[in-house]
Number of protein chains: 2
Amino acid sequence: MTVGQNIHSSPIPVLCHSCEARHSGVCGALDPDQLVRFAETTTRHKIEPGGALIGDAEPVYSYSNLLSGVVKLTKTLSDGRQQIVGLQFSPDFLGRPFKLESAINAEAATSVTLCSFPRAAVERMMKESPELEHRLFKQTLNELDDARELMVTLGRKTAPEKVASFLLMIGRNMHSGVDSAERPTCFDLPLTRAEISDFLGLTNETVSRQLTRLRADGVIRIENKRHVTVDSMSRLEQRCGGRVAPL
Amino acid sequence: MTVGQNIHSSPIPVLCHSCEARHSGVCGALDPDQLVRFAETTTRHKIEPGGALIGDAEPVYSYSNLLSGVVKLTKTLSDGRQQIVGLQFSPDFLGRPFKLESAINAEAATSVTLCSFPRAAVERMMKESPELEHRLFKQTLNELDDARELMVTLGRKTAPEKVASFLLMIGRNMHSGVDSAERPTCFDLPLTRAEISDFLGLTNETVSRQLTRLRADGVIRIENKRHVTVDSMSRLEQRCGGRVAPL
DNA sequence: CGGCAGCTTGAGTCAATTCAAGGCCTGTGG
DNA sequence: CCACAGGCCTTGAATTGACTCAAGCTGCCG
């Protein structure tokens, strides 16, 4: 999976031209000149489901933009119990700045494409461009919000509510058009039942039973185990446990 | 503890001189001149346990340095179920930058002292000093690490493991001297049993039972319901569920 | 074709909850 | 000074939601 023809003269690197993350991801923080220098160090990768992104011996993956696919971040206890502590979608930035040891593992949940860069290049660029650091900061704040939302789900919701909340979250992240609360939404689950259970702190059997129940109740339809259609998102929302009431 | 000795042309504000957060907190990012301007807008507050920090109608609390005490961050479902999604200790910075609506409530768990500043002052200072934003970024990354650690606890640990993990975390955050794994550590619990249960996703009865069990097993001693002594931290650690295995 | 991984479903079990009662402090008012 | 009320905490007994164990289904791949 090599790409990197080094392009020194053109205003904007060819690869970046058509890049999904050119404007929306962290690269949007860079001006053309910075982008050119930065792009010299980047490489594209494709990773199949189950492939490790970090935790293995490949330091080039240290930092990446996620261009497509879903990445799961996991933590594991020594007896094998596992918890998914985050899911990342494009155009998220992958990697933990300012720390060599990541205490989490990152793994491709679906087939994934990355634009990767060496740690040093990112950290140099971050010193140079406060705007880049600013974007990373904002993403981190969003991840923290997501993490805390998931904590409520893990600590205080019932199994039916957990599964409904998961579907709602996935539906919102994988939507490919307008999302009206009343228009049908459909998507492919990026995770297996076992992975969903690691996300929600349940067992795969319980996840399966709850999905069956939602299907029986007419809240969702499922084809081929993975493809889900939600006719009414608001009906699904009702099953997520009462919304948080600020104040 | 001399206050008047090293007076520069831009004297450091008197209040900041003896401030616990002068160097360790976010204020450490500011040079004396910046600090002087910044300090003009700050006010100190003392808040008793149970007092709300945000979520109420007092915008002056929007951002603060936590100088002493413990603050709990909570989320609540509409039927009253509550989850503590974070605990903050001095010299943490309180507040969610770049967002007017915080989806979480912050409340004093113990008696708390704050150094507060208006939102606008912080955001102005942040534009001016990338170092300030950098420190906030780093704290946020640490909070994210903590949040993900807690997710494992919430999703995958048993009640005994949860309570042991909580004690370990508190012990490490409230330690007031050297912490050897084998030397006795003691501290006051900053939370009631009910609050601990909201932190761990349990009921107060279960928390109480597990504390009783740890006491009966000689892992901890408890005086006055709140004061805990851990003779051997490593023994407590053994009850936290296997440590995460990176890779 | 067999083997395997992922998924579903059922039956029985158990950890944590709910419900209930009582003890221990602390502050308050007679 | 004591009596009393209200938090907070502990403990017991009964209940239950999710888990474990087990069996069978499906689709895919060699």
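To find a chain, count down the sequence lines: A is the first, B the second, and so on, and within it residues start at 1.
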Rounded distance (Å) that lies between atom [atom2] of [N] and atom [atom1] of [X]:
X: B/R193; N: D/dT11; atom1: CZ; atom2: P; value: 10 Å
X: A/L189; N: C/dG6; atom1: CG; atom2: P; value: 15 Å
X: B/L211; N: D/dT10; atom1: CG; atom2: C1'; value: 11 Å
X: A/L154; N: D/dA18; atom1: CG; atom2: P; value: 13 Å
X: A/L191; N: C/dC7; atom1: CG; atom2: C1'; value: 15 Å
X: B/R213; N: D/dT10; atom1: CZ; atom2: C1'; value: 16 Å
X: B/D198; N: D/dC8; atom1: CG; atom2: C1'; value: 14 Å

(message) Ignoring hydrogens and geometry beyond distance, is a side-chain donor-acceptor pair present between B/S68 and B/T113 at under 3.5 Å?
(response) yes

(request) Mind listing the residues from residues 221-230 of chain A sitting with a heavy atom below 4.0 Å of DNA chain D? Number order is fine. (result) none

(message) At a heavy-atom distance below 4.0 Å, what parts of residues 79-89 of chain A sit against DNA chain D?
(response) none

(message) Between B/E161 and B/R239, does any side-chain N to carboxylate O distance fall below 4.0 Å?
(response) no

(message) Could you check whether B/E237 pairs with B/R172 (Lys NZ or Arg NE/NH1/NH2 to Asp/Glu carboxylate O, under 4.0 Å)?
(response) yes

(message) Is the shortest side-chain heavy-atom distance between A/L114 and A/K46 below 4.5 Å?
(response) no

(message) Do A/L211 and A/V163 make a side-chain contact, defined as non-hydrogen atoms from C-beta onward lying under 4.5 Å apart?
(response) yes

(message) Taking atom CZ as the centre, does A/R213 end up with more than 12 heavy-atom neighbours from other residues, nucleotides or ligands that are less than 6.0 angstrom away?
(response) no

(request) Step through the shown structure and confirm whether more than 12 heavy atoms of other residues, nucleotides or ligands are within 6.0 Å of CG on B/N224. (result) no

Could you give the distance from [atom1] ([X]) to [atom2] ([Y]), rounded to the nearest 0.5 Å?
X: A/L236; Y: A/S165; atom1: CG; atom2: OG; answer: 8.0 Å
X: B/L200; Y: B/L150; atom1: CG; atom2: CG; answer: 7.5 Å
X: A/T140; Y: B/Q139; atom1: OG1; atom2: CD; answer: 12.5 Å
X: A/L168; Y: A/T153; atom1: CG; atom2: OG1; answer: 10.0 Å

(request) Let me have a per-nucleotide readout for nucleotides 16-21 of chain C, 5' to 3', with B, S or -, counting only protein heavy atoms under 4.0 Å. (result) SBBB--

(request) Name all residues meeting the side chain to side chain contact (heavy atoms under 4.5 Å, CB included) criterion together with A/D198; count only those two or more places apart in sequence or in a different chain, and write none if there are none. (result) A/Q82, A/I84, B/R156

(message) Please determine whether a side-chain nitrogen or oxygen atom of A/T212 lies at a distance below 4.0 Å from atom OP1 or OP2 of C/dT9.
(response) yes

Each nucleotide N or O in nucleotides 28-30 of chain D that has a protein N or O under 3.5 Å away: list the pair and distance.
none

(request) Using the ring-ring contact (aromatic ring centres under 6.0 Å, His included) rule, collect all pairs that involve residues 197-233 of chain B, keeping only residues at least two apart or in two chains. (result) B/F166-B/F199

